[in-house]
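Since this is a predicted model, take the numbers as computed values, not measurements. All heavy atoms count here, side chains included; hydrogens, waters and symmetry mates do not.
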Amino acid sequence: MSLPNIPDITPNITLKREDVIHLLLASIAMEEISLSHIMNAEGVRIQHFLEKDDVSLEDLLRVNQSVERMLRSIVSKQILSQFKLDNILELESQVRESERQKGDDEGNDDDVDNDDGND
């Protein structure tokens, strides 16, 4: 058995740090939209189930347990999304601080010490 032959692909992708931050924020937003669709589908499923005439207590408990598991999974994903968002905001503040310091350093270079001997 031989190993798969993987082609040598070296794409040249150039992104600025600001672009990366925007892409990461967009990924969180898309994930949140996906989670909202899942929650909506769970609500529709419950509504269809409750419209039935012959629903037993066991059936209700089974649906309740299923929805609870799904909501727990959604909450777990949202916690991870919050961690991701916190990291992105920290990165963004570091970038702004770095840019501010760079601007301050460039501004200080212009302020040459003009010592005219009048102290």
So Val75 and Ile79, do their side chains get closer than 4.5 Å, heavy atoms only?
yes
For a 4.5 angstrom cut-off between non-hydrogen side-chain atoms, does Leu60 reach Leu50?
yes
Let me have the donor-acceptor pairs involving side chains of residues 29-40, under 3.5 Å, with sequence neighbours excluded, atom names and distances please.
residue, atom, partner, partner atom, Å
Glu31, OE2, Ser81, OG, 3.0
Glu32, OE1, Gln78, NE2, 3.1
Ser34, OG, Met30, O, 3.0
Ser36, OG, Ile33, O, 2.7

Does Arg100 come within less than 4.0 Å of Glu97, counting only side-chain N to carboxylate O?
yes
Show every donor-acceptor pair shorter than 3.5 Å between a side-chain atom in residues 12-24 and any protein atom, with sequence neighbours excluded, or say none if there are none.
none

Is a side-chain N or O of Ser98 found less than 3.5 angstrom from the main chain of Gln94, in a donor-acceptor match?
no
Output the distance between atom CZ (Arg69) and atom CG (Asn64), rounded to the nearest 0.5 Å.
10.5 Å
With rounding to the nearest 0.5 Å, note down the distance linking CD in Glu42 to OG in Ser66.
5.5 Å
Quick one: does Leu25's side chain get under 4.5 Å of Leu85's, heavy atoms only?
yes
Val67 versus Leu71: any side-chain heavy-atom pair under 4.5 Å?
yes
Could you tell me whether Glu58 and Arg62 have a side-chain N and a carboxylate O separated by less than 4.0 Å?
no
Can you tell me how far apart CD (Glu99) and CZ (Arg96) are? Round to the nearest 0.5 Å.
8.0 Å
Between Asp86 and Gln82: side-chain donor-acceptor atoms closer than 3.5 Å:
yes
Any chain of hydrophobic side-chain contacts (each under 4.5 Å) joining Ile46 to Ile74?
yes
Any chance NZ of Lys84 has more than 12 other-residue heavy atoms, nucleotides or ligands included, within less than 6.0 Å?
yes
